[in-house]
Amino acid sequence: MSTAQTAFLKGHGTENDFVILPDHDGLMELSPAAVARLCDRRAGIGADGVLRVVRSAAHPEARAMADEAEWFMDYRNSDGSIAEMCGNGVRVFARYLQRAGLVQEGDVAVATRAGVRRVHIAKAGPDGTPGAVTVAMGRAALPGGDVTVAVGPRSWPARNVNMGNPHAVLFVDDLADAGNLYDAPEVAPAAAYPDGTNVEFVADRGPRHVAMRVHERGSGETRSCGTGACAVMVATARRDGLDPAVVGHPVTYTVDVPGGRLVIGELPDGTVEMTGPAVIVAEGRFDTAWLTAS
Ligand SMILES: N[C@@H](CCC[C@H](N)C(=O)O)C(=O)O
């Protein structure tokens with residue numbers, strides 16, 4: 001008797017890693033417990049989150065976007081919670097579509113809970129090195145209001161930046177000041193973030209060059225966060241007195257994350273674009289029953 005199996009892939013973007021579940025017709029039941037089991041780094045496959053690949057027409061949350069974007073990224077954090085958007089995830093998602101032969105190098109639109117995101121897959125190098133993947137992340141929203149982030153006895157003022165999902169961005173002299181970021185820092189007032197938030201600690205590295213560490217809502221400390229890096233870019237540009245809408249030209253920053261480097265630009269129309277690597281590292285199968293066994 002053969003055991004039912006489910007196909008998966010594993011990929012990452014600057015070491016923000018994902019289990020990818022191809023479920024093109026949207027038939028899979030994916031409970032929060034099943035996501036947490038997949039993402040478990042000891043008893044599961046291990047990842048910061050899950051990218052379920054579903055045809056937009058087959059998913060109730062994406063049906064309205066199906067004319068614009070054939071594929072929907074159903075993103076889940078490693079604790080099983082749902083997030084609106086994942087910047088590295090959408091780049092890795094595009095790489096999966098390319099590897100599966102569902103799209104070619106060039107432009108692809110991907111439906112997300114934060115709306116349609118346009119992704120560009122650059123040509124591979126002459127030696128076959130995969131090209132970088134760029135995503136137009138939409139405009140940052142800057143809700144304003146005073147926000148404070150505390151770690152133990154220390155606290156810092158933070159900037160509230162929304163990239164489709166929420167972020168609190170603050171500047172430190174030394175990234176070690178963030179301490180253990182597996183636990184969520186305290187963010188006040190709680191009313192600024194009714195659904196919780198991601199928190200980014202930022203240190204300067206040079207002109208238009210910063211480094212960051214992140215606590216991701218629903219995943220703990222990760223090696224990178226794409227929406228977080230975009231929020232950091234915008235918060236840093238405003239701190240530096242740079243608003244592309246005012247200066248009339250794009251503004252670009254390099255953002256180093258523990259898992260690599262992202263290049264992020266903001267255009268005069270407010271659109272934020274992020275470029276970086278996106279790779280698939282493995283492909284396999286697990287027993288379907290394992291996902292739901294108690
Ligand atoms: N790693 C992601 C962000 C994933 C969602 C986040 N944890 C949230 O809950 O908002 C990225 O690359 O943007």
Side-chain angles (χ1 to χ4, degrees), residues 10-20 32 35-36 38-39 41 46-52 61 72-96 110 112-115 117 119 132-141 143 147 149 158 160-169 181-185 187 192-202 212-235 255-264 272-279:
K10 180 81 194 286
H12 75 93
T14 50
E15 298 181 3
N16 193 191
D17 62 343
F18 309 98
V19 171
I20 302 156
V35 170
L38 286 167
C39 292
R41 294 200 182 274
D48 296 326
V50 167
L51 309 173
R52 184 164 71 113
E61 288 178 81
F72 172 57
M73 176 179 77
D74 175 11
Y75 172 79
R76 316 291 180 94
N77 287 317
S78 63
D79 69 353
S81 59
I82 287 177
E84 305 86 339
M85 179 52 189
C86 179
N88 287 322
V90 76
R91 297 185 308 99
V92 172
F93 187 99
R95 181 69 81 207
Y96 158 77
V110 176
T112 76
R113 291 191 174 87
R117 295 290 179 261
V119 184
V133 180
T134 299
V135 53
M137 298 283 287
R139 294 183 177 84
V147 172
V149 170
N160 186 343
V161 184
N162 194 294
M163 288 303 315
N165 60 347
H167 296 270
V169 180
L181 276 185
Y182 186 77
D183 300 320
V187 181
Y193 297 103
D195 300 317
T197 188
N198 304 284
V199 183
E200 287 82 21
F201 291 77
V202 187
M212 61 173 261
R213 284 176 63 201
V214 60
H215 171 89
E216 278 199 46
R217 176 182 66 168
S219 300
E221 179 163 18
T222 61
R223 304 270 302 160
S224 177
C225 175
T227 49
C230 292
V232 163
M233 183 267 149
V234 172
V255 180
D256 290 346
V257 292
R261 176 168 284 183
L262 293 161
V263 176
I264 301 177
V272 177
E273 286 187 349
M274 170 174 58
T275 300
V279 290

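If you read the sequence from its start, that first residue is 1, and numbering goes on from there. Start at 1 and go down the list; that is how both ligands and their atoms are numbered. Since the structure is predicted, the reported quantities are computational estimates derived from the model, not experimental observations.
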What I'd like to find out is whether the side chain of [X] reaches to under 4.5 Å of the side chain of [Y], using heavy atoms alone.
X	Y	result
Arg223	His12	no
Phe18	Phe93	no
Phe201	Leu181	yes
Leu51	Tyr96	no

Note: Ser224 and Thr14 closest approach over all heavy atoms is OG-OG1, 2.7 Å
Which heavy atom in Cys230 sits nearest to a heavy atom in Met274, and how many Å separate them? SG-CB, 3.9 Å
Report, in ascending order of atom number, the atoms of ligand 1 lying under 4.0 Å from any heavy atom of [X].
X	result
Gly87	11 (C), 12 (O), 13 (O)
Met85	3 (C), 4 (C), 5 (C)
Asn77	4 (C), 5 (C), 6 (C), 7 (N), 8 (C), 9 (O)
Asn16	1 (N), 2 (C), 11 (C), 12 (O)
Ala83	5 (C), 8 (C), 9 (O), 10 (O)

Identify the closest protein heavy atom to [atom]: which residue and atom is it, and at what distance?
atom	result
atom 3 (C) of ligand 1	Glu216 OE1, 3.4 Å
atom 2 (C) of ligand 1	Cys86 SG, 3.0 Å
atom 6 (C) of ligand 1	Asn198 OD1, 3.3 Å
atom 12 (O) of ligand 1	Gly226 N, 2.6 Å

Taking distance alone, with no angle check, do Thr227 and ligand 1 share an N/O pair under 3.5 Å? yes
Checking the N or O distance criterion of under 3.5 Å, is ligand 1 in contact with Gly228? no
If I take atom CE from residue Met85 and atom CE from residue Met163, how far apart are they, to the nearest 0.5 angstrom? 8.0 Å
Interatomic spacing from SG in Cys86 to CG in Asn77 - rounded to 0.5 Å: 8.0 Å
Do any heavy atoms of Cys225 fall under 4.0 Å from ligand 1? yes
Under 4.0 angstrom from ligand 1, any heavy atom of His167? no
Part of [X] within contact of ligand 1 (heavy atoms, under 4.0 Å):
X	result
Asn165	side chain
Asn88	both
Met163	neither

Are Asp48 and Thr222 close enough that a side-chain donor and a side-chain acceptor fall under 3.5 Å? no
Side chain to side chain contact (heavy atoms under 4.5 Å, CB included), that's the test. Do Val187 and Val147 meet it? Break it down for me. CA-CA 7 Å; Val187 181; Val147 172; 3.8 Å; yes
